[in-house]
2 protein chains.
Amino acid sequence: MSTAQAREPASPESNPLFLQSVARTLRVLEAFTQLPRPLSIAELSAAAGLDKSAGQRIVHTLQALGYLERSSAGLVPGKKVLYRAFDYLRMNALVESATPVLHELRKSVKERVDLSLLDSTNIVYAVRLQSKRENFPATLVGRRIPTFCSSGGRAMLAALPEEEAMQILQQSDRRPLTPKTITEIPALVDKIREARRDGYALALEESALGEIVLAAAVLDIHGRPVAAIHAAGSLSEWKEETFRRRISPLVMEAARALSHTYKHG
Amino acid sequence: MSTAQAREPASPESNPLFLQSVARTLRVLEAFTQLPRPLSIAELSAAAGLDKSAGQRIVHTLQALGYLERSSAGLVPGKKVLYRAFDYLRMNALVESATPVLHELRKSVKERVDLSLLDSTNIVYAVRLQSKRENFPATLVGRRIPTFCSSGGRAMLAALPEEEAMQILQQSDRRPLTPKTITEIPALVDKIREARRDGYALALEESALGEIVLAAAVLDIHGRPVAAIHAAGSLSEWKEETFRRRISPLVMEAARALSHTYKHG
DNA sequence: TTTACCGTATCGCTAACCGATACGATCGAA
DNA sequence: TTCGATCGTATCGGTTAGCGATACGGTAAA
């Protein structure tokens with residue numbers, strides 16, 4: 001096509017119903033994912049692929065609406081984004097029913113337990129009950145990590161039709177998060193097969209060093225994986241085998257209790 | 001043509017930098033606050049004050065971007081909103097330093113403890129460590145309740161210049177949340193004065209029946225209130241006086257530990 | 001079957017937005 | 001102090017992105 005200088009890279013949605021003004025707005029808010037610090041208008045504009053003027057207008061509007069705030073060092077996300085997360089969480093029946101189950105689980109395993117949701121190549125933490133002091137961002141709701149290298153992600157991949165799982169693996173950005181992250185497709189396929197056999201998945205220091213995580217998938221009424229229950233321990237306190245033996249039945253039971261109940265989708 | 005009927009109510013921002021396309025986009029996402037259930041395109045459009053076509057386009061785009069998802073019963077918020085909340089939380093230095101403090105506090109009071117942030121007429125919960133089983137939405141991050149009827153809100157109002165506090169009271173929608181909610185300005189002024197004297201605020205069944213909440217304000221480096229530390233107990237287990245005596249020193253100490261440290265603003 | 005409402009798709013018109021431009025303030029380095 | 005760089009802010013005519021009226025097919029309840 002000879003539109004030499006296309007303004008937007010022919011937005012993935014060349015659908016006439018796709019509004020670039022909406023996409024631009026959200027790209028501004030998404031800038032903080034790459035640059036998690038107070039940003040200037042110019043930085044936000046650049047990160048969103050906008051010129052100064054467009055950035056100025058969008059920032060001004062988002063600020064007026066409470067989705068951006070001014071701090072002494074620049075613009076930061078506004079409290080309104082928390083309201084939107086609340087809307088998500090309160091409407092999610094799975095999050096609701098998982099909360100008491102996770103509390104029970106937390107009591108018996110005495111380690112950090114989480115509920116994560118499958119979002120294609122990533123998983124997002126939706127409920128988190130931490131135990132000890134840990135690296136701060138790692139413990140927050142909304143954190144996302146790649147599906148392929150998390151125990152929960154692999155537990156869900158194991159419950160997906162093989163073809164879909166392969167697709168996700170191939171679409172994933174498989175850069176390692178730690179030196180121990182498994183990144184080769186064949187090795188990952190092995191781990192997934194293992195998870196399918198065992199009913200749970202295990203990740204050893206793949207997203208954080210010193211951390212052992214065990215997870216089982218939560219299935220919806222059609223048998224599709226929609227979430228996972230995680231339990232995370234420290235390798236300074238657990239041997240792999242003990243962790244598997246003691247924790248896996250509890251995690252699997254919790255996941256089973258939540259499976260097949262709601263339509264979740 | 002006589003544009004007799006202005007399309008938008010001359011948006012609060014008649015500033016030429018205010019983009020109505022941005023405002024429309026966010027109004028769609030905000031619809032779930034009023035109507036927390038799966039919605040159709042028509043419902044979302046109506047809630048956002050848009051016609052069917054505009055709604056269709058915005059919904060289509062938000063869905064393509066992951067900010068809306070289709071469930072069996074209609075459209076619901078998408079997981080991307082959780083990512084944005086994560087961006088907020090991880091960048092907030094106060095949230096970060098409050099997390100270990102809250103864990104300590106949680107250990108000594110053995111009740112639910114929260115960190116809330118002041119957002120004018122509302123407070124938002126940013127960190128929550130719950131104890132027992134409770135009414136579900138009431139325990140979520142991102143939940144917002146009116147400043148005037150929460151202990152944390154009143155603790156912060158007490159730390160604000162009198163004039164500003166009055167302004168917030170007057171701007172507030174003071175409909176009661178429970179039969180015990182105090183809604184009269186003079187009575188609220190009394191409660192705020194009391195909080196100023198004591199260094200903490202108390203709310204008895206004002207946002208939930210059977211609940212007693214005690215809170216102290218966290219001040220920024222300029223002495224302005226930016227957040228509050230809450231501890232919530234059940235009236236079936238606590239007498240007011242015991243709660244005050246046992247809990248208030250701990251909550252005040254936690255709030256003091258966080259005050260005057262960061263620029264927070 | 002009828003009716004109502006759903007999601008989806010089309011298309012010409014136009015005003016909302018674009019983006020180039022300019023101005024004053026601030027801050028560090030020279 | 002004087003630059004130069006970069007910040008936020010403000011203005012304005014041209015045009016394109018988006019508006020909104022309209023239409024179509026499917027589905028579910030009456």
Side-chain angles (χ1 to χ4, degrees), chain A residues 1-28 31 35 37-65 68-76 78 265, chain B residues 1-28 31 35 37-65 68-76 78 265:
Chain A
M1 186 190 320
S2 67
T3 35
Q5 24 192 359
R7 306 186 166 277
E8 311 278 328
S11 61
E13 306 288 325
S14 48
N15 189 315
L17 292 179
F18 188 87
L19 301 190
Q20 64 151 293
S21 63
V22 172
R24 288 177 166 202
T25 298
L26 294 164
R27 283 210 305 272
V28 169
L35 306 164
R37 55 182 168 81
L39 299 176
S40 69
I41 293 181
E43 288 171 313
L44 281 168
S45 306
L50 304 172
D51 62 43
K52 187 185 173 176
S53 293
Q56 176 189 19
R57 286 188 290 267
I58 294 177
V59 165
H60 172 89
T61 311
L62 287 174
Q63 192 186 342
L65 297 174
L68 286 176
E69 290 173 11
R70 279 192 187 285
S71 84
S72 49
L75 293 150
V76 295
Chain B
M1 131 192 24
S2 67
T3 37
Q5 28 195 351
R7 309 185 168 275
E8 311 277 328
S11 62
E13 307 288 324
S14 49
N15 188 315
L17 293 179
F18 188 87
L19 301 190
Q20 65 151 291
S21 63
V22 172
R24 288 177 167 202
T25 298
L26 294 164
R27 283 211 304 272
V28 169
L35 306 163
R37 54 181 169 84
L39 298 176
S40 68
I41 293 182
E43 287 170 314
L44 281 168
S45 306
L50 304 172
D51 62 43
K52 186 185 174 178
S53 293
Q56 176 189 18
R57 285 188 291 266
I58 294 178
V59 165
H60 172 88
T61 311
L62 287 173
Q63 193 187 341
L65 297 174
L68 286 177
E69 291 173 10
R70 280 193 186 285
S71 84
S72 48
L75 293 150
V76 295

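Order of the sequence lines fixes the chain letters, A, B, ..., with proteins taken first and strands second; residue numbering starts at 1 for each chain. Since the model is a prediction, treat every value here as computed from it, not as a measurement.
In this entry the distance linking CG of B:Leu17 with C1' of C:dC17 reads 11 Å, nearest Å. For the pair B:His60 NE2 and D:dC19 P, the interatomic distance rounds to 14 Å; values are reported in whole Å. In this structure, CG of A:Leu39 is placed 11 Å from P of D:dC7, rounded to the nearest angstrom. Atoms CG (A:Asn15) and C1' (D:dA17) sit 14 Å apart, rounded to a whole Å. Taking atom CG on A:Leu44 and atom C1' on D:dG8, their separation rounds to 13 Å, with Å as the unit. Regarding B:Leu50, its CG atom lies at a distance of 16 Å from the C1' atom of D:dA21, rounded to whole Å. Rounded to whole Å, atom C1' of D:dG20 lies 13 Å from atom CD1 of B:Ile58. Remark: P of D:dA17 and CZ of A:Phe18 are 13 Å apart, rounded to the nearest angstrom.
In this structure, the side chains of B:Leu75 and B:Glu69 stay at 4.5 Å or more apart for every pair of heavy atoms. Contact of the A:Leu26 side chain with the B:Leu62 side chain is registered, since non-hydrogen atoms from C-beta on lie closer than 4.5 Å. The side-chain heavy atoms of B:Arg27 and B:Arg24, taken from C-beta on, include a pair separated by under 4.5 Å.
Each of B:Lys52 and A:Leu19 has a nearest nucleotide on DNA chain D; the 5'-most of these lies closest to A:Leu19. Of the two residues near DNA chain C, B:Ile41 and B:Arg57, the one whose nearest nucleotide lies more 5' is B:Ile41.
Not a single donor-acceptor contact under 3.5 angstrom links the side-chain atoms of B:Arg70 to the base of C:dG7.
Contact annotation for B:Ser53: base contact, defined as any heavy-atom pair under 4.0 Å involving a base atom.
Across all their heavy atoms, A:Ile58 and A:Thr25 have their closest contact at CG2-CA, 4.1 Å. Scanning both residues, A:Ser71 and A:Val76, for their nearest heavy atoms gives OG-CG1, 4.1 Å.
Which of D:dG18, D:dG8, C:dC17 sits closest to the side chain of B:Ser21 comes down to C:dC17. Side-chain atoms of B:Asp51 lie closest to D:dG20 of the nucleotides C:dG19, D:dG8, D:dG20.
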